[in-house]
Protein chains: 2
Amino acid sequence: MADPIYRRIAEQLREQIESGELVPGAQLPTELELRERFNASRNTIRDAVKSLIALGLVETRPGQGTFVTERIEPFVTTLSADPKTGLGGGEGVTYQDEGRAQQRVATATDPRVEIQLAAGVVPVLLKIPEGAQVVSRHQQRLIDNTPWSLQTSFYPMKFVTAGGATRLLEASSIENGTVKYIEETVHLKQLGYRDWITVRSPDTNETAFFRLPGDGRVGVFEILRTAFDQDLNPMRLTITVFPTDRNQFIVNVGELPGG
Amino acid sequence: MADPIYRRIAEQLREQIESGELVPGAQLPTELELRERFNASRNTIRDAVKSLIALGLVETRPGQGTFVTERIEPFVTTLSADPKTGLGGGEGVTYQDEGRAQQRVATATDPRVEIQLAAGVVPVLLKIPEGAQVVSRHQQRLIDNTPWSLQTSFYPMKFVTAGGATRLLEASSIENGTVKYIEETVHLKQLGYRDWITVRSPDTNETAFFRLPGDGRVGVFEILRTAFDQDLNPMRLTITVFPTDRNQFIVNVGELPGG
DNA sequence: GCAAATTTGTTCGTATGTATT
DNA sequence: CAATACATACGAACAAATTTG
């Protein structure tokens with residue numbers, strides 16, 4: 001009697017799933033059937049199923065039953081730049097190209113543009129005073145109609161007021177990407193960037209948009225990209241959030257085959 | 001009656017935690033006290049607490065109580081190479097240097113060395129036949145005595161049999177790193193690598209070693225690094241597993257300040 | 001060192017609500 | 001509307017871990 005009952009039941013079900021006896025998408029026996037099979041109370045069965053949910057092995061649908069989860073085909077983003085363009089993965093045009101390269105349809109909403117006061121990490125990474133004005137451009141991105149990432153870019157308001165990059169304020173995407181647009185207007189060329197990768201629990205907005213389970217079981221990548229200009233000053237901060245259940249990343253360094 | 005009771009209770013407790021009213025490490029009221037305060041049954045209170053556990057906000061200790069979780073000071077690993085050495089983060093000597101740079105003590109166990117038959121992703125990424133012999137070198141790594149990562153490197157057995165890199169079979173760490181040792185013996189120079197970053201649930205070994213909660217709530221980064229030689233052939237595959245609750249990563253691309 | 005008290009963990013039973021077919 | 005299946009909620013009892021006296 002080492003392990004509690006619910007855990008031993010969970011263990012048996014887990015073996016059935018991992019052995020392939022229960023394939024992804026297949027329905028498990030109902031709680032009442034499992035109650036008879038394992039000779040335990042319905043609450044104990046439910047505890048067992050809950051632990052499998054926590055492991056991401058099954059999901060329950062009210063009124064329908066319990067099903068083995070089907071793995072989402074992951075989308076792979078390359079974080080390191082093409083050495084020639086200096087552009088990185090998930091940036092502007094590149095994003096749609098990467099979607100196409102994986103034979104999938106990438107779309108993005110028109111950006112929601114706001115003028116905000118820099119707070120939190122924004123002034124720190126952009127090296128501007130706390131409370132200074134910044135342009136925030138926020139986009140939702142989908143692949144094959146599945147919500148894939150939430151992206152917000154912050155630019156110093158100076159780019160608009162002193163640099164003439166007025167289209168940063170327009171709520172429409174900038175063709176050829178903002179990197180090129182800023183180079184043409186403000187004359188700041190992006191020569192490099194630093195990505196800072198963390199994983200955390202999703203907030204309520206993210207849980208809703210990505211349709212994640214409400215229990216915070218699936219985390220999200222949060223990638224902070226600070227881009228630097230030719231004088232090595234920060235010129236842009238982009239924060240992108242990706243669910244960990246459908247995203248993977250590649251970093252290329254040095255000389256590689258198939259480049 | 002939109003939200004269930006347990007969720008409204010969880011919501012109130014969450015606000016107390018996020019507002020700072022309950023600081024990290026502080027003890028929550030006991031289940032019996034919460035039962036009176038919210039006028040609900042003990043099971044309903046427990047459901048509320050469970051949802052906070054799933055969010056990583058609190059932890060329970062049998063016989064003691066429920067406490068607000070204390071955040072672990074994250075360790076940051078740089079994945080992109082120093083352009084001069086071609087060495088990447090978490091590799092050999094660099095690993096200890098990064099530990100020191102963050103004022104922390106990094107240690108590693110002596111490697112457990114095995115000769116295995118290539119299976120799974122190993123032959124695919126190393127571009128050797130499935131079932132070919134490989135040298136596997138496995139290390140546990142700690143920082144400030146906290147388990148931090150599990151690393152396994154795979155080398156083609158040819159390096160030993162035909163290249164004379166016999167010390168790859170020794171169960172002791174190779175000073176100056178294996179990258180340099182292979183360059184000196186097999187005459188293969190590491191000019192680049194590709195990192196493939198995923199997040200998944202920990203297996204039972206990892207859960208035990210990292211002392212993670214048993215419910216699979218905390219995920220692990222799995223980073224597959226394929227290193228390439230001067231002929232752009234794969235020469236090494238290193239798989240490293242890091243818990244997401246205590247690890248973050250940096251990727252530097254292009255020209256950056258403070259280099 | 002031991003016993004009692006405290007606190008969370010497990011298990012059962014039961015009733016009712018909500019979503020889907 | 002009825003049947004089915006999971007979700008929520010309450011009550012109760014005992015077990016296991018920890019602290020306290």
Side-chain angles (χ1 to χ4, degrees), chain A residues 1-14 17 22 25-69 207-208 211-217, chain B residues 1-14 17 22 25-70 207 211-217:
Chain A
M1 229 344 176
D3 272 12
I5 298 171
Y6 77 93
R7 212 141 0 145
R8 283 185 304 192
I9 294 174
E11 188 58 23
Q12 288 192 45
L13 291 173
R14 195 186 57 75
I17 292 167
L22 288 165
Q27 179 169 9
L28 269 69
T30 67
E31 291 174 347
L32 293 187
E33 285 166 343
L34 291 172
R35 179 176 132 271
E36 297 200 346
R37 171 166 152 201
F38 291 107
N39 200 28
S41 79
R42 193 185 151 218
N43 278 332
T44 302
I45 297 295
R46 279 178 63 74
D47 281 345
V49 171
K50 272 184 207 160
S51 75
L52 295 177
I53 292 176
L55 293 173
L57 288 175
V58 304
E59 61 184 351
T60 55
R61 305 205 271 270
Q64 295 187 50
T66 306
F67 301 84
V68 182
T69 46
T207 300
R211 294 179 214 131
L212 297 175
D215 54 13
R217 174 169 37 83
Chain B
M1 217 3 163
D3 271 14
I5 297 172
Y6 78 92
R7 220 160 332 165
R8 284 186 304 193
I9 294 174
E11 188 59 22
Q12 288 191 46
L13 291 172
R14 193 185 58 74
I17 292 167
L22 287 164
Q27 180 169 10
L28 269 68
T30 67
E31 292 175 349
L32 294 187
E33 287 166 342
L34 291 173
R35 181 176 129 271
E36 299 201 345
R37 170 164 151 201
F38 292 107
N39 199 28
S41 77
R42 186 179 159 223
N43 277 330
T44 301
I45 297 295
R46 280 177 62 74
D47 280 346
V49 171
K50 273 183 207 161
S51 75
L52 295 178
I53 293 176
L55 293 174
L57 288 174
V58 305
E59 60 184 349
T60 55
R61 303 189 205 125
Q64 295 190 51
T66 305
F67 301 83
V68 182
T69 46
E70 308 203 51
T207 300
R211 294 179 215 130
L212 298 174
D215 55 11
R217 175 168 35 85

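Because the structure is a prediction, the values reported are computed rather than measured. Below, chain A is the first sequence line, B the second, and so on; all start at residue 1.
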[atom1] of [X] versus [atom2] of [N]: gap in Å, rounded?
X	N	atom1	atom2	result
B:Asn43	D:dC14	CG	C1'	14 Å
A:Phe38	C:dT10	CZ	C1'	18 Å
A:Tyr6	D:dA16	OH	P	14 Å
A:Asp3	C:dT10	CG	C1'	12 Å
B:Leu34	C:dT8	CG	C1'	12 Å
A:Arg46	C:dG13	CZ	C1'	15 Å
B:Glu59	D:dA17	CD	P	18 Å
B:Asp47	D:dC6	CG	P	17 Å

Contact under 4.0 Å: [X] side-chain N or O vs [N] OP1/OP2:
X	N	result
A:Thr60	D:dA7	yes
B:Arg42	C:dT7	no
B:Thr44	D:dT8	no
B:Ser41	D:dA9	no
A:Thr30	D:dT4	no

Practice item. For A:Ala10 and A:Leu52, work out which heavy atoms get closest and say how close. Key: O-CD2, 3.7 Å
Practice item. Nearest-nucleotide wise, let me know which of A:Arg61 and A:Ala40 is further upstream toward the 5' end of DNA chain C. Key: A:Ala40
Revision key, fill the gap. Between B:Leu28 and A:Asn39, whichever has its closest DNA chain C nucleotide further toward 5' is B:Leu28
Practice item. For the residue pair B:Leu34 and B:Ile9, establish whether any side-chain heavy-atom pair is separated by less than 4.5 Å. Key: no
**Study point:** Note, B:Leu57 side chain near B:Leu13 side chain (heavy atom, < 4.5 Å)
**Key:** no
Practice item. Between D:dC6, D:dT8, C:dT8, spot the one nearest the side chain of A:Glu31, thanks. Key: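 The listed nucleotide nearest to A:Glu31's side chain is D:dC6.
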Practice item. Please name all residues satisfying salt bridge (charged side-chain N to carboxylate O under 4.0 Å, His left out) with A:Glu11, sequence neighbours left out, ordered by chain then number. Key: A:Arg14
Show me the protein contacts with nucleotides 19-21 of chain D, counting only N or O atoms at under 3.5 Å.
none

Check your understanding: Backbone N or O of A:Ile53 within a donor-acceptor pair of the A:Arg217 side chain at under 3.5 Å?
Key -> yes
Check your understanding: With distance as the sole test, does A:Gln27 use its side chain to make a donor-acceptor pair with the main-chain N or O of A:Gln64 at under 3.5 Å?
Key ->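 Here the side-chain-to-backbone pair exists.
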Check your understanding: Which is true for B:Arg7 with a 4.0 Å heavy-atom rule: it touches a base, it touches only sugar-phosphate, or it touches nothing?
Key ->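 B:Arg7: backbone/sugar contact only, no base atoms under 4.0 Å.
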Point to revise | Residues which pass side-chain hydrogen bond (donor to acceptor under 3.5 Å, both in side chains) with A:Thr69, listed by chain and number, not counting sequence neighbours | key: none
